Trainee: 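Have a look at this one.
Chain naming here is simple, since letters A, B, ... match the order of the sequence lines and numbering starts at 1 in each. Please read these numbers as outputs of a predicted model, since none were measured by experiment.
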Number of protein chains: 4
Amino acid sequence: MAKLNGYSLPLSPEGKANLLPAPPWHYSGDMLLVEYRTDPDAVIALLPDELEPADDPGAVSVIFADWQSCTDHGEEWLDPYHSQYKEAMVYVGAKYKGQPICRCVYIWVDKDFAMLRGWVQGFPKKHGDIWMSRPVTVGKAGPRLAPGGKFGATLSVGGRRLIEARVNLTDLSEKGPQVNNPPQFNSRHFPRWDSLEPALYEMVTVKGVDKECSPIWEGHADIKVYDSPFEELRALEPKEIIGGYYHSFGYTMIGGEVVEQHKHLISANKGE
Amino acid sequence: MAKLNGYSLPLSPEGKANLLPAPPWHYSGDMLLVEYRTDPDAVIALLPDELEPADDPGAVSVIFADWQSCTDHGEEWLDPYHSQYKEAMVYVGAKYKGQPICRCVYIWVDKDFAMLRGWVQGFPKKHGDIWMSRPVTVGKAGPRLAPGGKFGATLSVGGRRLIEARVNLTDLSEKGPQVNNPPQFNSRHFPRWDSLEPALYEMVTVKGVDKECSPIWEGHADIKVYDSPFEELRALEPKEIIGGYYHSFGYTMIGGEVVEQHKHLISANKGE
Amino acid sequence: MAKLNGYSLPLSPEGKANLLPAPPWHYSGDMLLVEYRTDPDAVIALLPDELEPADDPGAVSVIFADWQSCTDHGEEWLDPYHSQYKEAMVYVGAKYKGQPICRCVYIWVDKDFAMLRGWVQGFPKKHGDIWMSRPVTVGKAGPRLAPGGKFGATLSVGGRRLIEARVNLTDLSEKGPQVNNPPQFNSRHFPRWDSLEPALYEMVTVKGVDKECSPIWEGHADIKVYDSPFEELRALEPKEIIGGYYHSFGYTMIGGEVVEQHKHLISANKGE
Amino acid sequence: MAKLNGYSLPLSPEGKANLLPAPPWHYSGDMLLVEYRTDPDAVIALLPDELEPADDPGAVSVIFADWQSCTDHGEEWLDPYHSQYKEAMVYVGAKYKGQPICRCVYIWVDKDFAMLRGWVQGFPKKHGDIWMSRPVTVGKAGPRLAPGGKFGATLSVGGRRLIEARVNLTDLSEKGPQVNNPPQFNSRHFPRWDSLEPALYEMVTVKGVDKECSPIWEGHADIKVYDSPFEELRALEPKEIIGGYYHSFGYTMIGGEVVEQHKHLISANKGE
C-alpha cells in the first residue's frame with residue numbers, strides 16, 4: 001500500500017496536499033510594535049510554573065506584522081494567497097532558570113497555513129482580522145518613514161474590535177524594542193482525544209537564522225485594548241506607554257528545541 | 001503562580017481564551033452529499049498501512065455541510081460568528097481488521113474553531129470557501145425540499161474552484177448515503193518540533209451520541225473536481241456517479257478512542 | 001460598432017458581465033426583527049423635507065435578513081455565491097402627504113450585487129458582516145421555531161460591532177411587525193461627477209409581487225447599538241423595546257415608481 | 001426638518017455615515033502591469049459608438065494595484081480597513097475625435113467605498129479577491145525591486161480564478177507602460193428605476209493632480225485569463241505579450257468633466 005506523505009495533515013500520496021510543508025520557512029515582513037506596562041500580576045498569571053517574572057514584570061509588547069512567507073522554492077509568493085498574511089501578537093517577558101526570555105501569550109492571524117505553523121512552534125494562534133498602515137514613498141495617502149509619519153493598526157475578532165494601536169514616528173531608534181528581544185520560550189500544546197489532559201504540552205525554543213533587520217523607527221505610541229466574552233485581554237490593559245516602533249524584518253526558521261515537558265497538566269475547562 | 005486553564009491554546013487564567021473549549025460539542029446541520037466511484041487505486045493510495053480496501057474500493061463521498069455548533073451553555077449560537085461554519089469533506093471507505101469503516105481524507109472549513117476541533121478528532125482540515133443552496137419554504141429564490149428541487153454546492157480554496165456539486169431531488173431515500181455510514185477511523189497527527197517525524201500519529205474513532213436525522217432526500221447528482229498545485233484532488237476524479245442526497249443531521253460529540261498508534265512514520269516532504 | 005449590453009455596469013457585448021441583471025428579482029429569506037423606540041427627534045432628523053413624522057415618531061425597526069435571490073432562470077442559487085447574502089437594515093416610519101410610509105435609513109449587506117441592487121432601489125447600502133442564528137429541526141446546536149427558541153444576530157463593520165439583537169420566542173404573532181408594514185419610500189441618489197450636487201436624488205416606491213410569508217413568531221427582544229466614527233447610529237439608541245419577531249418571506253421585485261424629485265439638494269460634506 | 005448631509009448615500013444629519021465622502025481623494029499605491037495584444041475585434045466590441053479603435057487596436061493592459069486612499073484629514077489610513085484596498089483592472093486603448101484615449105472596461109475591487117468611488121468616476125467595479133507579490137528589502141520571502149525579482153498577481157471572483165499574471169524584472173524602464181498612458185474616458189452609468197433605460201449614461205474624464213511616480217521597472221511577463229459564466233473575459237485572451245511593469249504611484253483626484261451624454265441607450269438584458 002502506498003506510503004502517505006506530508007509534514008502535516010492532510011497526508012497524501014505525493015505530499016502536496018499538506019497544509020504546512022516542512023521547514024525551512026522564510027519570512028519577510030513589516031512590523032509595528034507598541035510596548036507598555038500593565039498590572040504585573042496580570043502578566044505573571046499568564047506564565048506557566050516553569051517561568052519566573054521578568055525584571056520589568058508588567059511589560060507587554062503588542063506587535064502587528066504584515067508577512068510574506070515561503071519554503072525554499074519560493075513559489076508561494078507568486079500565488080500570494082499562499083504567502084501573505086497579517087498577525088497581531090501579545091508578548092510578555094519572563095525568566096527561565098534566571099535568564100531573561102520572552103513569550104507570546106496571545107496571537108491572531110488571518111491564514112490557515114500560518115495558524116498551523118504557529119501551533120507547531122508553540123504560538124497560540126486564533127483567527128483575527130488585522131489591518132496596518134503601510135508607509136508610502138509617493139502620494140499623500142499614507143505615512144512616510146520619516147519624522148512625523150503616523151501609523152495605525154487594528155485587530156478585530158468575530159466583528160469585535162480588540163486592539164487599536166498608533167505610532168507617530170519621531171526618529172531612528174538606537175535601542176529598538178526590548179520586550180520581545182530575549183530568546184522566545186513558547187509552549188506547544190495539543191489536546192488528547194480520549195481524556196481532558198493534553199497529548200502534548202512542552203516548552204520550546206525556536207531557531208531563526210539569516211536574520212535581517214531594517215533601520216528601526218521609534219515614536220510616540222498609543223494603544224487601546226477592548227473586551228470580548230471570548231478573550232481575557234482586559235486583564236492586560238495599558239497603565240503606562242513605553243514606546244512605539246516600526247521596522248522590517250526577515251529571517252528563516254529552521255526548527256527548534258524542546259526545553260522541557262510541562263510538569264503540571266492543565267485542567268480543561270468544561271463547556272466554556 | 002497561577003494555574004493556566006483551557007482545553008486548547010491559548011491557555012489563560014480563566015480558561016476563556018482557548019480557541020476550542022472541551023467537549024461535549026453539539027452540532028446541528030444541513031448536508032448535501034454526492035457519492036461516486038473513482039479509480040480504486042487512487043482511494044487505496046490514501047489509506048494508511050493499517051487499513052485494507054473497502055468492498056467497493058473506488059467509492060467516494062463528497063459531503064457539503066452547513067453547521068451550527070455549541071458547547072453545553074449554547075451561548076455560541078446567540079453570537080453566531082462563533083457557532084456557524086460550512087465545510088466540504090471527501091470520505092472514502094476501507095476496512096480495519098475486516099470490518100467496514102469510513103475515513104475522511106480531505107476536508108475544508110471556513111472557521112478557526114472548527115479547524116482545530118477537526119485536527120483534535122483526526123480530520124485533516126484546511127481553510128476553504130464553501131457555498132450551498134438552502135431549501136426554501138416561501139418565494140422562488142431557492143429549491144424546495146420536494147421532487148424537482150435543484151441544489152448546488154461549491155468549494156474554492158485560495159480563489160480556485162475545486163469542487164462543484166449538484167443534486168436534483170427525486171424522492172425520499174430508503175437506504176440513504178452509504179460511503180460515510182460505517183464507523184469513522186481518522187488519524188490524528190501533529191508535527192514534532194525538533195525533527196521531521198510526527199509527535200503524534202494515531203488512528204482514532206469518535207463517539208457521537210444523541211443523533212437525530214431528518215428524512216433523507218435522494219436525487220440525480222453531478223460533480224466536477226478541479227485541480228490545484230496545492231491539492232491532489234485530480235487523482236479522485238469521478239468515473240461514475242452513485243447518487244446524491246440532502247438531509248439535516250444533529251448529534252453530540254463526547255470524545256473518542258485511540259485505536260492504535262500508526263507504526264510507519266511518515267516522511268515529511270521538504271519544501272513542498 | 002457593436003452594441004454594448006447590460007442592465008448595469010460593466011456593459012459588455014453579450015451582457016453577461018453586468019454586476020446586476022435586470023429585474024424581475026426573486027427573493028426568499030429568513031428575517032429577525034427587533035422593534036424599539038428611540039428619541040423621536042433622531043428619527044425626524046433622518047427624514048427628507050418631503051416626509052412628515054409618523055404617528056409613533058420614535059419607532060425603529062432593526063431587521064436582519066438571510067437571503068437567497070435570483071433572476072428568472074434561477075441559475076444563481078446553483079452557484080450560491082451569486083445568490084446568497086445577509087443584510088441588516090434600520091427602518092423608521094414617516095408620512096407622505098398624510099399617508100403612513102416606512103423608510104430604510106441605514107442598511108449593510110455582504111455582497112456586491114446586492115449592494116448595487118439596493119442603490120438602484122434607494123437602499124443606502126454599505127458593506128457589513130452579518131450573522132444570524134438559524135432555527136434547527138434536529139440536534140441541540142440552535143434554536144427551535146417554538147416557544148423558548150433563542151435567536152441572536154450581530155452586525156459589524158470594519159471589525160467594529162455595531163448592533164447586537166436577541167429575540168426569545170414566546171408564541172405565534174397575530175399582528176406581526178408594524179414599523180416596516182406601510183409602503184416603502186426610499187431615496188435613490190447618485191453623485192454628479194462635475195459638481196458636489198447629486199446627479200440623481202429622487203424618492204421612489206417599490207413593486208413587490210407574489211409575496212409569501214411564513215407564520216410569524218414573536219418574543220421578548222433585546223438590542224444594543226454601538227458607536228463608530230463612520231456611522232451615526234448612537235443617535236438611534238433604544239429607549240424602549242416594542243418587540244421581536246422571526247419569520248420567512250419571499251417575493252418578486254418587478255420595478256417601482258418615482259414619487260418625486262427631491263427639491264432640496266444636499267450639500268456634500270467635504271473630506272469627512 | 002433637518003437637512004440631510006453626505007456626498008453619497010446614506011445621507012445623515014452630520015454627514016458622517018456616507019459610504020463615500022466628497023473629493024479630493026488622495027491615493028498612494030503599488031502596481032503591477034501586464035500589457036498584451038488580443039483579437040482587436042474583441043477590444044472594439046467593448047467600445048461605445050462614440051469611440052474609434054486605437055492605432056494598436058488589440059492592445060490590453062491588465063493592472064493590479066494595492067492602494068491606500070484617504071480624504072484631506074487622512075484619518076482613514078490610521079484605521080486602515082477604511083483606507084486600504086486592492087484592485088485588478090482591464091484597460092484598452094481607443095480614440096475620441098481622433099485623439100488617443102484609454103478606457104477601463106472591467107475592474108474588480110475588494111472594498112465597498114472603493115467600489116462606489118469607482119462607479120462615480122465611470123469605473124465598472126465589481127467585487128473580487130486580488131493578491132499581489134510585495135517587494136521586500138529584507139529576508140528571502142519575496143522579490144527584490146532589482147533585476148531577477150519575480151512578481152505574481154491573481155484575481156478571483158466568487159471562488160473562480162480569473163486572471164494570473166507574472167512579471168520577472170529585468171531593468172528600469174525608459175518608456176514605461178503605454179496602454180493606460182493617454183487620458184481616461186470612462187462611462188458613468190446608473191439604471192433608471194421605472195424603466196430599463198439608464199437614468200445616467202455619460203462619458204467622463206478625470207482630473208488627477210499632484211501625480212508622483214516611482215522609477216518604473218520592466219520585465220518579462222506572462223498572463224493567463226480564465227472563463228466564468230459571469231464574465232466575458234475569454235474574448236480578451238492574450239495572443240502576444242507586450243511587456244510587464246512594476247512601480248508605485250500617487251495622485252489626488254479632484255473631480256472630472258462630462259465629455260458627452262451617450263446617444264445610444266443600451267438595452268438591458270433580461271434575467272441574465
Trainee: Evaluate the criterion side chain to side chain contact (heavy atoms under 4.5 Å, CB included) for residue pair D:Val206 and C:Trp193; output intermediate values, then yes/no.
Mentor: CA-CA 9 Å; D:Val206 294; C:Trp193 184 220; 3.9 Å; yes
Trainee: Name all residues meeting the side chain to side chain donor-acceptor pair (under 3.5 Å) criterion together with D:Asp41; count only those two or more places apart in sequence or in a different chain, and write none if there are none.
Mentor: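 Side chain to side chain donor-acceptor pair (under 3.5 Å) list for D:Asp41, sorted by chain: empty.
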Trainee: What's the separation between atom CG in C:Asp110 and atom CH2 in C:Trp67, rounded to the nearest 0.5 Å?
Mentor: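 Between C:Asp110 CG and C:Trp67 CH2, I get 13.0 Å after rounding to 0.5 Å.
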Trainee: Any idea which of D:Lys126, D:Glu231, D:Glu232 has the most non-hydrogen atom pairs under 4.5 angstrom with chain C?
Mentor: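 Looking at each of D:Lys126, D:Glu231, D:Glu232 in turn, D:Glu232 comes out on top.
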Trainee: Among the options D:Val204, D:Leu9, D:Leu233, D:Asp79, pick out the one with the most heavy-atom pairs lying under 4.5 Å from chain C.
Mentor: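 Counting heavy-atom pairs under 4.5 Å, the top option is D:Leu9.
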Trainee: So, D:Ser69 and D:Glu76: side-chain donor and acceptor under 3.5 Å apart, yes or no?
Mentor: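 There is no such pair (donor and acceptor under 3.5 Å, judged by atom type) between the side chains of D:Ser69 and D:Glu76.
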Trainee: Measure distances from D:Leu116 to the heavy atoms of chain C and classify the residue's part below 4.5 Å as side chain, backbone, both or neither.
Mentor: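 Interface part for D:Leu116: both.
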Trainee: What part of D:Trp119 gets within 4.5 angstrom of chain C, counting heavy atoms only: side chain, backbone, both, or neither?
Mentor: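 Interface part for D:Trp119: both.
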Trainee: Applying a heavy-atom distance below 4.5 Å, give me the residues of residues 99-109 of chain D that approach chain C, sorted by number.
Mentor: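 Answer by number: D:Val105, D:Tyr106.
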Trainee: So does D:Glu197 pair up with D:Arg192, basic N to acidic O under 4.0 Å?
Mentor: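 Answer for the salt bridge query: no.
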Trainee: Looking at every heavy atom in both D:Ile63 and D:Ser61, which two are closest together, and how far apart are they?
Mentor: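 That closest heavy-atom pairing would be CG1-OG, 3.4 Å.
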Trainee: When only heavy atoms count and the cut-off is under 4.5 Å, which of residues 250-259 of chain D reach chain C?
Mentor: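 Against chain C, the residues of residues 250-259 of chain D that fall inside the cut-off (heavy atoms, under 4.5 Å) are D:Met253, D:Gly255, D:Gly256, D:Glu257, D:Val258.
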Trainee: Looking at C:Lys207, C:Gln121, C:Glu75, C:Arg188, which has the largest count of heavy-atom pairs under 4.5 Å with chain D?
Mentor: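 Heavy-atom pair counts peak at C:Arg188.
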Trainee: Check whether D:Phe190 gets within reach of chain C through its side chain, its backbone, both or neither, counting any heavy atom under 4.5 Å.
Mentor: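 It is the side chain, since no backbone atom gets that close.
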Trainee: Nearest 0.5 Å, please: how far is OH in D:Tyr81 from NZ in D:Lys111?
Mentor: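 So the NZ of D:Lys111 and the OH of D:Tyr81 are separated by 5.5 Å.
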Trainee: Roughly how far apart are D:Thr154 OG1 and D:Phe64 CZ, rounded to 0.5 Å?
Mentor: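 One finds 6.5 Å between OG1 of D:Thr154 and CZ of D:Phe64.
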Trainee: Checking an interface table here. Which of residues 156-163 of chain C come within a heavy-atom distance under 4.5 Å of chain D?
Mentor: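 Only C:Gly158, C:Arg160 of residues 156-163 of chain C have a heavy atom under 4.5 Å from chain D.
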Trainee: Taking all non-hydrogen atoms of both residues, which atom of C:Asn18 and which atom of C:Gly6 are closest, and how far apart?
Mentor: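 Looking at all heavy atoms of both residues, the shortest contact is OD1-CA, 3.3 Å.
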Trainee: Are any of the side-chain heavy atoms of D:Tyr226 and D:Ser228 separated by less than 4.5 Å?
Mentor: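 Sidechains of D:Ser228 and D:Tyr226: no contact.
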Trainee: Contact part of C:Lys125 toward chain D, heavy-atom cut-off under 4.5 Å: side chain, backbone, both or neither?
Mentor: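 Only the backbone of C:Lys125 comes within 4.5 Å of chain D.
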Trainee: For the CD atom of C:Glu260 and the OG atom of C:Ser187, what is their distance to the nearest 0.5 Å?
Mentor: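 Rounded to the nearest 0.5 Å, the CD-OG separation comes to 9.0 Å.
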Trainee: Between D:Asp72 and D:His26, does the side-chain hydrogen bond (donor to acceptor under 3.5 Å, both in side chains) criterion hold? Intermediate values first, please.
Mentor: CA-CA 7 Å; D:Asp72 275 346; D:His26 307 292; 2.7 Å; yes
Trainee: How long is the straight-line distance from CE of C:Met115 back to CD of C:Glu87, given to the nearest 0.5 Å?
Mentor: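 So the gap between those two atoms works out to 12.0 Å.
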Trainee: Between D:Glu52 and D:Lys97, what is the shortest heavy-atom contact and its length?
Mentor: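 Reported closest heavy-atom pair: OE2-N, 3.4 Å.
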Trainee: Would you say C:Thr38 and C:Val43 make side-chain contact, with heavy atoms under 4.5 Å?
Mentor: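 C:Thr38 reaches C:Val43 side chain to side chain.
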Trainee: With a 4.5 angstrom heavy-atom cut-off, could you sort out which part of C:Leu200 is near chain D: side chain, backbone, both or neither?
Mentor: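 Side chain only.
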Trainee: Looking only at heavy atoms, what is the nearest atom pair of C:Ala235 and C:Ala42, with distance?
Mentor: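 Minimum heavy-atom contact is O-CB, 3.1 Å.
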Trainee: Roughly how far apart are D:Leu4 CG and C:Asp49 CG, rounded to 0.5 Å?
Mentor: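 That separation rounds to 8.0 Å.
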